[in-house]
Participant: 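Have a look at the structure that comes next, please.
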Amino acid sequence: MSAFPEISKIKFEGRESKNNLAFRYYDENEMVEGKPMRDHFRFSCAFWHTMRASGSDPFGAGTMYRPWEDGTDSIANAQNRVRVFFEICEKLNLKYFSFHDRDIAPEGLTLAESNNNLDEVVKVFKEESDRTGIKLLWGTSNLFGNPRYMHGAATSCNADSFAYAAAQVKKMLEVTKELDGLGYTFWGGREGYQCIWNTDMKREADHLAQFMHMAIDYAKEIGFTGQFYFEPKPKEPTKHQYDYDCAACINFLRTYDLQDYVKMNIETNHATLAGHSVEHEMDYAGSQGFLGSVDANSGDMLLGWDTDQFPTDVYMTTKMMLILLKYGGFKTGGLNFDAKVRRESFEPIDLFYAHIGGMDAFALGLKIAAAMRASGEIAEMVKDRYSSWDSGIGAEIEAGKHNFKSLSEYMLQKGEISPCSSGHQELFENIVNRYMF
């Protein structure tokens, strides 16, 4: 039985459409730079926000009206929730999804009971995935919600918490493989610390690396070949997160010999909490060979926490798609809508409006980014800005032909440098606006 009988499959109707339940820019079959739009994005729906967000906040109870819920924490209710989820994905033409273990199935009194609950719900995921062709982009484990993880999971001062987290990830790797999942994400919600006085930072970092290696070893053992991801987040809930930003995460992976197995899953709102932009994080990860997947959302610059709003800023999506195209697009990951409707947007139909808006914003951003790349105008201006490195002393430096002594001799002979050319920032921004509008 349909949960949304009044909503048909969302179709592309074009820019002039006034239909709020239609795409104006996202035409999944439109070819952009040699492949259809859908393959550029690999849009994914996040189960935790779409199906489990209640609208509660620290100052008020949940507001969401979800008529398919029966108010219980039963397996039957969880299974029905999965069927509604796939109806939403089908009607939005979303080809991928993501989830945590505890999003989809109720936690039991014991690990064995939790695993059994998970198995019962995964059966329905398997049925629905086989029926629709909608695939698991990546799975992950909730290693932050239960009080057992109050001190962290892999970085906990309690060895039993580490062991329980390992058991949870073991099960989720099995589930991800069973569902033909394309990847697994490490998100350390509480992998950090609050107070330096009671913290052995080196030991905790060592344990986190050991935990990741155990997961990779077990994946090999069971034949799971999906990509592992590490998701940066700078703060909230802990004051000092070990996975602060892409630079910190990549340094950690290289330090502990994990660089061949793990790439970045970058979230927009986490980037801004770290004082960066998402395009900065994507470009840095891409330049280092670690760009894997992206959690597509946005934050509110006037609020200091992770608001997980749907992305509608076309400037932002254009910059994101420009960076993604620069590095050849997604190889393993996709754009996962780690976003939730606002507390005040409590009607079920708002789930459709939100996803449509996000998908259209990225589609328009892709088209603008592709036009900018096709003209080559901005790329040529950037090249000109760095032209001193293309010949003469610059080319010699990049070729490794100089050292401090030879460069000192060069400058003593030259005397002074020529005035640098302008950065033309305002011109660049004006030209971008020309493509935008």
Side-chain angles (χ1 to χ4, degrees), residues 46-54 56-58 98-105 107 111 114 118 138-158 160-173 175-176 183-195 199 201 204-205 207-212 214-215 228-246 248-249 252-253 262 264-274 281 292-297 299 303-308 336-340:
F47 193 92
W48 56 92
H49 282 327
T50 300
M51 303 308 294
R52 303 311 306 270
S54 68
S56 63
D57 65 20
S98 60
F99 63 71
H100 300 83
D101 46 4
R102 300 301 182 245
D103 305 327
I104 67 171
E107 187 163 9
L111 178 62
S114 295
L118 190 56
W138 48 256
T140 188
S141 304
N142 182 331
L143 305 180
F144 51 87
N146 192 289
R148 73 174 67 90
Y149 298 127
M150 69 174 71
H151 302 298
T155 62
S156 177
C157 55
N158 185 339
D160 280 346
S161 295
F162 182 105
Y164 200 106
Q168 225 176 300
V169 173
K170 172 185 177 291
K171 180 64 177 176
M172 265 305 294
L173 286 171
V175 164
T176 302
Y184 181 88
T185 295
F186 296 109
W187 182 62
R190 297 189 185 275
E191 308 296 26
Y193 70 93
Q194 305 283 15
C195 174
T199 300
M201 192 187 305
E204 290 192 2
H207 291 168
L208 179 58
Q210 189 176 12
F211 189 92
M212 286 189 177
M214 287 180 179
F228 280 94
Y229 303 107
F230 193 15
E231 181 168 332
K233 186 178 185 182
K235 52 191 172 183
E236 190 202 44
T238 63
K239 182 163 57 176
H240 297 287
Q241 292 274 146
Y242 295 130
D243 47 354
Y244 185 87
D245 61 4
C246 282
C249 287
F252 173 87
L253 295 174
V262 185
M264 293 293 99
N265 182 59
I266 298 166
E267 180 179 316
T268 307
N269 206 170
H270 293 177
T272 53
L273 289 175
E281 290 287 84
S293 197
V294 173
D295 273 4
N297 60 22
L303 299 173
W305 62 86
D306 194 5
T307 54
D308 288 330
N336 177 54
F337 282 115
D338 183 8
K340 57 190 174 186

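Quick note: numbers below take in every heavy atom, side chains included, and nothing from hydrogens, waters or symmetry partners. Owing to the predicted nature of the structure, the values given are computational and were not obtained by experimental measurement.
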Participant: Please check this pair: side chain of Gln241 against backbone of Gly188, looking for a donor-acceptor N/O pair closer than 3.5 Å.
Facilitator: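 Yes; at least one donor-acceptor contact below 3.5 Å.
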Participant: For Ser141 and Tyr184, test the side chains for any donor-to-acceptor distance below 3.5 angstrom and give the result as yes or no.
Facilitator: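 Distance-only check passes for Ser141 and Tyr184.
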Participant: Can you give me the closest heavy-atom contact between Pro237 and Gln194, atom names plus distance?
Facilitator: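 The pair with the smallest heavy-atom distance is O-NE2, 3.4 Å.
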Participant: What distance separates Arg102 CZ from Arg52 CZ, expressed to the nearest 0.5 Å?
Facilitator: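 Going from CZ on Arg102 over to CZ on Arg52, the span is 12.0 Å.
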Participant: Decide side chain to side chain donor-acceptor pair (under 3.5 Å) for Tyr193 and Glu204; before the verdict, give the C-alpha distance in whole Å, the side-chain angles of both, and the deciding distance to 0.1 Å.
Facilitator: CA-CA 9 Å; Tyr193 70 93; Glu204 290 192 2; over 6 Å; no
Participant: Are Asn269 and Glu267 linked by a side-chain donor-acceptor pair shorter than 3.5 Å?
Facilitator: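 Their side chains do not contain a donor-acceptor pair, so the 3.5 Å distance test is not met.
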Participant: Decide if the gap between the ring center of Phe144 and the ring center of His100 is smaller than 6.0 angstrom.
Facilitator: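 That pair passes the under 6.0 Å test.
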Participant: Please report the shortest heavy-atom distance between Thr307 and Leu303, naming the atom on each side.
Facilitator: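 For Thr307 and Leu303, the tightest heavy-atom pair comes out as CG2-CD1, 3.8 Å.
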Participant: Can you give me the closest heavy-atom contact between Thr238 and Gly192, atom names plus distance?
Facilitator: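 Heavy atoms only, the tightest pair is OG1-CA, 3.8 Å.
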Participant: Tell me if a side-chain donor or acceptor on Gln168 pairs with a main-chain N or O of Asn142 at a distance below 3.5 Å.
Facilitator: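 Flag set: sc Gln168 to bb Asn142 pair under 3.5 Å.
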Participant: Passes side-chain contact (heavy atoms from CB on, under 4.5 Å), Lys171 versus Asp101? Steps please.
Facilitator: CA-CA 9 Å; Lys171 180 64 177 176; Asp101 46 4; over 6 Å; no
Participant: Set out, in order, the CA-CA distance, both residues' side-chain angles and the distance that settles side-chain contact (heavy atoms from CB on, under 4.5 Å) for Val175 and Phe99, then state yes or no.
Facilitator: CA-CA 11 Å; Val175 164; Phe99 63 71; 4.1 Å; yes
Participant: For a side chain to side chain donor-acceptor pair (under 3.5 Å) with Asn336, tell me which candidate from Asn265, Asp295, Thr185 qualifies.
Facilitator: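 Among Asn265, Asp295, Thr185, the one that satisfies the side chain to side chain donor-acceptor pair (under 3.5 Å) with Asn336 is Asp295.
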Participant: Before you tell me yes or no, could you show the steps for Asn297 and Lys340 under side-chain contact (heavy atoms from CB on, under 4.5 Å), namely the whole-Å CA-CA distance, both residues' side-chain angles and the distance that decides it to 0.1 Å?
Facilitator: CA-CA 9 Å; Asn297 60 22; Lys340 57 190 174 186; over 6 Å; no
Participant: What's the separation between atom CG in Asp245 and atom CE in Met264, rounded to the nearest 0.5 Å?
Facilitator: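 That separation rounds to 10.0 Å.
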Participant: Contact between Pro232 and His270 at the side-chain level, heavy atoms closer than 4.5 Å - yes or no?
Facilitator: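 The answer is no; the side chains never approach within 4.5 Å.
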Participant: Would you indicate whether the side-chain heavy atoms of Leu253 and Met212 approach each other to under 4.5 Å?
Facilitator: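 Met212 reaches Leu253 side chain to side chain.
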Participant: Going by distance alone, is a donor N or O of one side chain under 3.5 Å from an acceptor N or O of the other, for Tyr149 and Glu191?
Facilitator: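 Absent: no donor and acceptor within the cut-off.
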Participant: To check you understand the geometry: which heavy-atom pair defines the closest contact between Gly139 and Thr176, and what is its length?
Facilitator: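 Scanning both residues completely, I find the closest heavy atoms to be CA-OG1, 3.9 Å.
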Participant: Report the distance from atom CG of Asn158 to atom OH of Tyr164, rounding to the nearest 0.5 Å.
Facilitator: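 Answer for the CG-OH pair, Asn158 versus Tyr164, is 13.0 Å.
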Participant: Return the minimal non-hydrogen interatomic distance between Ala154 and Leu208, and the atom names on each side.
Facilitator: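 Taking Ala154 first and Leu208 second, the nearest heavy atoms are CB-CD1, 3.8 Å.
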Participant: Got a donor-acceptor contact below 3.5 angstrom from the Thr199 side chain to the Met201 backbone?
Facilitator: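 Absent.
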Participant: Sequence neighbours excluded, which residues qualify as side-chain hydrogen bond (donor to acceptor under 3.5 Å, both in side chains) partners of His49?
Facilitator: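 side-chain hydrogen bond (donor to acceptor under 3.5 Å, both in side chains) list for His49, sorted by chain: Asp308, Asp338.
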Participant: Between atom CD of Glu231 and atom OG1 of Thr140, what is the distance when rounded to the nearest 0.5 Å?
Facilitator: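 OG1 of Thr140 is found 8.0 Å from CD of Glu231.
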Participant: Can you check whether Phe186 and Tyr229 have ring centres sitting under 6.0 Å from each other?
Facilitator: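 Ring-ring flag for Phe186/Tyr229: false, centres at least 6.0 Å apart.
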Participant: What is the minimum heavy-atom distance between Val169 and Ala215, and which atoms define it?
Facilitator: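 The answer is CG1-CB, 4.3 Å.
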Participant: Ignoring hydrogens and geometry, is there a side-chain-to-backbone donor-acceptor pair from Glu107 to Ser114 under 3.5 Å?
Facilitator: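 Flag not set: sc Glu107 to bb Ser114 has no pair under 3.5 Å.
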Participant: Looking at Ser161 and Arg148, would you say the former's side chain and the latter's main chain have a donor-acceptor pair under 3.5 Å?
Facilitator: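 Flag set: sc Ser161 to bb Arg148 pair under 3.5 Å.
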Participant: Do Lys233 and Asp306 sit within salt-bridge range, that is, some charged N less than 4.0 Å from a carboxylate O?
Facilitator: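 Between Asp306 and Lys233 there is a salt bridge, with a charged N closer than 4.0 Å to a carboxylate O.
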Participant: Let's go through Phe252 and Tyr242 carefully: what are the C-alpha distance in whole Å and the side-chain angles of both, what is the deciding distance for ring-ring contact (aromatic ring centres under 6.0 Å, His included) to 0.1 Å, and is it a yes or a no?
Facilitator: CA-CA 9 Å; Phe252 173 87; Tyr242 295 130; 8.3 Å; no
Participant: Kindly compute the distance separating NZ (Lys239) from NZ (Lys235), expressed to the nearest 0.5 Å.
Facilitator: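 One finds 12.0 Å between NZ of Lys239 and NZ of Lys235.
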Participant: State the OG-CH2 distance between Ser98 and Trp138, to the nearest 0.5 angstrom.
Facilitator: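 It comes to 4.5 Å.
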Participant: Can you list the steps and then say if Phe230 with Cys249 is a side-chain contact (heavy atoms from CB on, under 4.5 Å)?
Facilitator: CA-CA 7 Å; Phe230 193 15; Cys249 287; 3.6 Å; yes
